[in-house]
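Okay, structure first, notes after.
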Amino acid sequence: MTISELKKKFIEIYGASEYASQESSSIDNLRVFAAPGRVNLIGEHTDYNGGYVFPAALKMNTVIIVRSRADRLIKLAATDLDDRVVASLDNLNDYKNLKWGNYQLGVADQLLKHGYKITGCEMLFHGTIPYGAGLSSSASIEVATALALATIGCEQTNKSNLIEKIDLTEMAKIGQKAENLYVGVNCGIMDQFASAMGKANHAILLNAKDLSYKLVPLNLGDNKIVITNTNKKRSLADSKYNERRRECEVGLKYLKTAFPQANYLGEIAYDKYKEHEHLIKNDVIKRRVEHVLSENNRVLESAEVLNIGNLDEFGRLMIKSHDSLRDLYEVTGIELDTLVEEALKIKGVLGSRMTGAGFGGCTVSLVQKSFIDEFIEVVGKKYYNRVGLRASFYISETGDGASEL
Ligand code: GLA
């Protein structure tokens, strides 16, 4: 839908201006905010371990049409859902179990807790990121909501235009907090950070421990990033995700005697860890730690080889990453493994791996342009024959981070 169609839809849902403040009485006064999804190129399950990740923001995004209200009500609607939510800013704890709307209200709650003065408003959401596919549709909702509410709230309270002053890194942190505390998934910062800070044609080399980052130009030569969706529902994702996180904490405890200063697993260098791996008495935990620390190295190597245009080596690192996520971290599954296996059989595929949390969701592959048609046809067919599901393919374009449009 175009922005003007979305604005019309907004007026259909909420009316011209019955409850709105006087300034926003016409369609032209509706505000529009957007935040993208992301694909992680490499560096999986490293962020909550204080390690490195390497995501890129996508063009697929969440757009919000917003109008402020004179009272404390937040009204939510979406173009693809019949649910309508009406919530009060004064009792945001009451809505944690909503099927839809809890991300947005969790963000409002966090903004208030961080001292932002926000006002009531009406919001219409429209997303082009497939839900539950590991491309961060939820982070994009959180970041777009945070930016919209913080921007409008600041302007209403200070009567000045403060958009430049809204700190996007802080919006990312607020989105993450909302997901941790309000939605109950103990996710790291990667998705929200990429959604807030991404830049078209770049990937972000992010140190998740202190949020220092570098934008790395994505010079992919004759290749494109192809995202393949398993279309498998990620039912176990949240509980297994939190379980992996706990296992890493246990791993760090084992290693504390050798690394008393380390607050995160990701602070321990891989080769130093190898000298002390005997400290970990449990094989499962050892495999988890081995993945996190070797993956951390692969992220840094990837940024280096991409910088000098060595795409073949980047492809090899992607393949190693997937192997590690399958064998050591155990977050792949038949759907992701089949997609990667079939992808790697196609000439012209430099690398392929799962992206995001795992247990379903998507793979990301680096494919020579002239092989993309074959890739889609053959991988799609083989996947269907072996798994019984139809995959979806997105030739991914990178995009910019969150902004007001
Ligand atoms: C999800 C989380 C991220 C990150 C990835 C795995 O996308 O939201 O914080 O942990 O999984 O790399």
Side-chain angles (χ1 to χ4, degrees), residues 1-10 12-13 30-41 55-66 76-85 99-104 107 122-148 168 171-172 175 179 190-204 218 224-234 355-357 360-365 372 376 380 390-405:
M1 282 173 103
T2 63
I3 298 294
S4 73
E5 284 165 346
L6 285 173
K7 286 183 171 177
K8 280 198 195 114
K9 179 91 189 156
F10 181 101
E12 257 172 61
I13 294 173
L30 299 177
R31 308 278 291 265
V32 187
F33 294 84
R38 65 96 191 93
V39 59
N40 189 23
L41 299 180
L58 296 171
K59 277 228 166 86
M60 294 188 269
N61 65 3
T62 297
V63 173
I64 318 179
I65 313 291
V66 195
L76 307 172
T79 51
D80 60 345
L81 288 176
D82 294 331
D83 295 24
R84 299 274 183 266
V85 173
K99 257 202 342 250
W100 181 79
N102 52 350
Y103 291 106
Q104 293 89 328
V107 164
E122 290 141 350
M123 302 178 119
L124 174 64
F125 287 79
H126 178 71
T128 53
I129 311 163
Y131 286 131
L135 299 177
S136 298
S137 55
S138 46
S140 80
I141 291 175
E142 290 153 7
V143 171
T145 303
L147 182 61
L168 284 169
M171 296 303 105
E179 189 146 342
M190 166 168 76
D191 305 349
Q192 291 80 4
F193 194 92
S195 181
M197 306 295 287
K199 188 165 171 341
N201 303 315
H202 289 74
I204 309 175
L218 271 183
K224 285 220 167 229
I225 291 169
V226 179
I227 296 174
T228 310
N229 191 344
T230 58
N231 285 320
K232 145 125 202 280
K233 279 220 169 319
R234 297 186 315 148
T355 184
C362 289
T363 63
V364 53
S365 308
I372 290 180
I376 293 176
R390 298 272 177 213
S392 317
F393 297 86
Y394 320 103
I395 313 297
S396 110
E397 301 291 339
T398 55
D400 289 320
S403 65
E404 179 164 14
L405 302 184

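Everything numeric here is computed off the predicted structure, so don't read it as measured data.
Going from atom NZ of Lys8 over to atom CG of Leu124 covers 14.0 Å, rounded to the nearest 0.5 Å. To the nearest 0.5 Å, atoms NZ (Lys7) and CD (Glu12) are separated by 15.5 Å. Distance check: Ile204 CD1 to Asn40 CG gives 10.0 Å after rounding to the nearest 0.5 Å. To the nearest 0.5 Å, the span separating CD1 on Ile372 from OG on Ser365 amounts to 10.0 Å. Rounding to the nearest 0.5 angstrom, the gap separating the CD atom in Glu142 from the CG atom in Asn102 is 9.0 Å. Note that CG of Leu147 and OG of Ser403 are 7.5 Å apart. Values are rounded to the nearest 0.5 Å.
Listed by chain and number, the residues in a salt bridge (Lys or Arg N to Asp or Glu O under 4.0 Å) with Lys224 are Glu397 (sequence neighbours excluded).
The heavy-atom pair separating Leu41 from Ala203 by the smallest distance is CD1-CB, 3.8 Å. Between Pro55 and Arg38, the closest heavy-atom pair is CB-CD, 4.0 Å.
Counting heavy atoms from C-beta outward, Leu135 and Pro130 have side chains that approach closer than 4.5 Å. With contacts defined as side-chain heavy-atom distances shorter than 4.5 Å, the pair Tyr103/Thr145 does not qualify. By the 4.5 Å heavy-atom criterion applied to side chains, Ile141 and Gln104 are counted as neighbours.
No donor-acceptor pair closer than 3.5 Å links the side chain of Thr398 to the backbone N or O of Leu58. Although no hydrogens or angles enter the test, the distance criterion places no donor-acceptor pair under 3.5 Å between the side chain of Asn229 and the main chain of Ser392. Thr128 contributes a side-chain N or O that, together with a main-chain N or O of Asn61, makes up a donor-acceptor pair within less than 3.5 Å. Side-chain atoms of Asp400 come within 3.5 Å of backbone N or O of Ala200 as a donor-acceptor pair. A donor-acceptor pair under 3.5 Å links the side-chain atoms of Thr230 to the main chain of Gly361, judged by distance alone.
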Hey, can you pull the donor-acceptor pairs under 3.5 Å for the side chains in residues 76-85, sequence neighbours left out?
from, atom 1, to, atom 2, distance (Å)
Thr79, OG1, His126, ND1, 2.7

